[in-house]
Chemist: 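If you scroll down you'll find the structure; I have some questions about it.
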Amino acid sequence: ETGVTQTPRHLVMGMTNKKSLKCEQHLGHNAMYWYKQSAKKPLELMFVYNFKEQTENNSVPSRFSPECPNSSHLFLHLHTLQPEDSALYLCASSPTGTGDQPQHFGDGTRLSIL
Amino acid sequence: QKEVEQNSGPLSVPEGAIASLNCTYSDRGSQSFFWYRQYSGKSPELIMFIYSNGDKEDGRFTAQLNKASQYVSLLIRDSQPSDSATYLCAVKLEGGANNLFFGTGTRLTVIP
């Protein structure tokens, strides 16, 4: 039990599909993050939410759309993805979104685009 | 130049030995440094964090920070086969609220 739960664990979708990834944290944190992890590449920060407000969008294509209804839940809506989007998508949380506090990760969603 | 660099390895050490993992970073103004362990198919798990120059010890793990030389290292004493994993270095760089950058990780194998 990591305190950060992601669903689904695995997702296979076609390029024209629409799907959503879900993340829930039970740690009482106020900041949540989406990361992309591809083979042989460092973790890439995608989005940051601090107290439900988006504070970072690291030039992520619009086919990825985040949603943060409250401090405990974070979604990543996917549509018209490309094969290069196949990766492990990790959600994380931390007490605040200042970047200088440890982040706690979920187990990730392994996404495969056909 | 990459913001955070690690030797990708693999690094192999015999059981009981000291494993030394190194990380260099580009931004001299960086203040916060983290080490994560990631088992294959699993999420990154925080091992240690360090903010001040010098050593910080936690059990078999010691983080060493040298801001003048811009490197941070992780020592694992009495290495165990269960320590075999990829170790990720993360650094909060200056110039933004959430500029946390990760290295590509070093793959460690502890040989029984």
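Below, chains carry the letters A, B, ... as their sequence lines are ordered, and counting in each starts from 1.
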Chemist: Less than 6.0 Å separating the ring centroids of A/Phe105 and A/Tyr35?
Modeler: yes
Chemist: May I ask you to name which of A/Gln101, A/Lys40, A/Arg110 has the most heavy-atom pairs under 4.5 Å with chain B?
Modeler: A/Gln101
Chemist: Please determine if A/Lys41 and A/Glu44 form a salt bridge, counting it only when a charged side-chain N lies under 4.0 Å from a carboxylate O.
Modeler: yes
Chemist: Using the ring of B/Phe49 (Phe, Tyr or Trp, six-membered ring only), decide whether B/Lys56 places NZ or CZ under 6.0 Å from its centre and within 45 degrees of its axis.
Modeler: yes
Chemist: Under 4.0 Å between a side-chain nitrogen and a carboxylate oxygen: does that hold for B/Arg77 and B/Glu57?
Modeler: yes
Chemist: Find the one option among A/Asn50, A/Leu43, A/Leu90, A/Leu88 whose heavy-atom pairs under 4.5 Å with chain B are most numerous.
Modeler: A/Leu43
Chemist: Does any backbone or side-chain atom of B/Phe33 lie under 4.5 Å from a heavy atom of chain A? Answer side chain, backbone, both or neither.
Modeler: neither
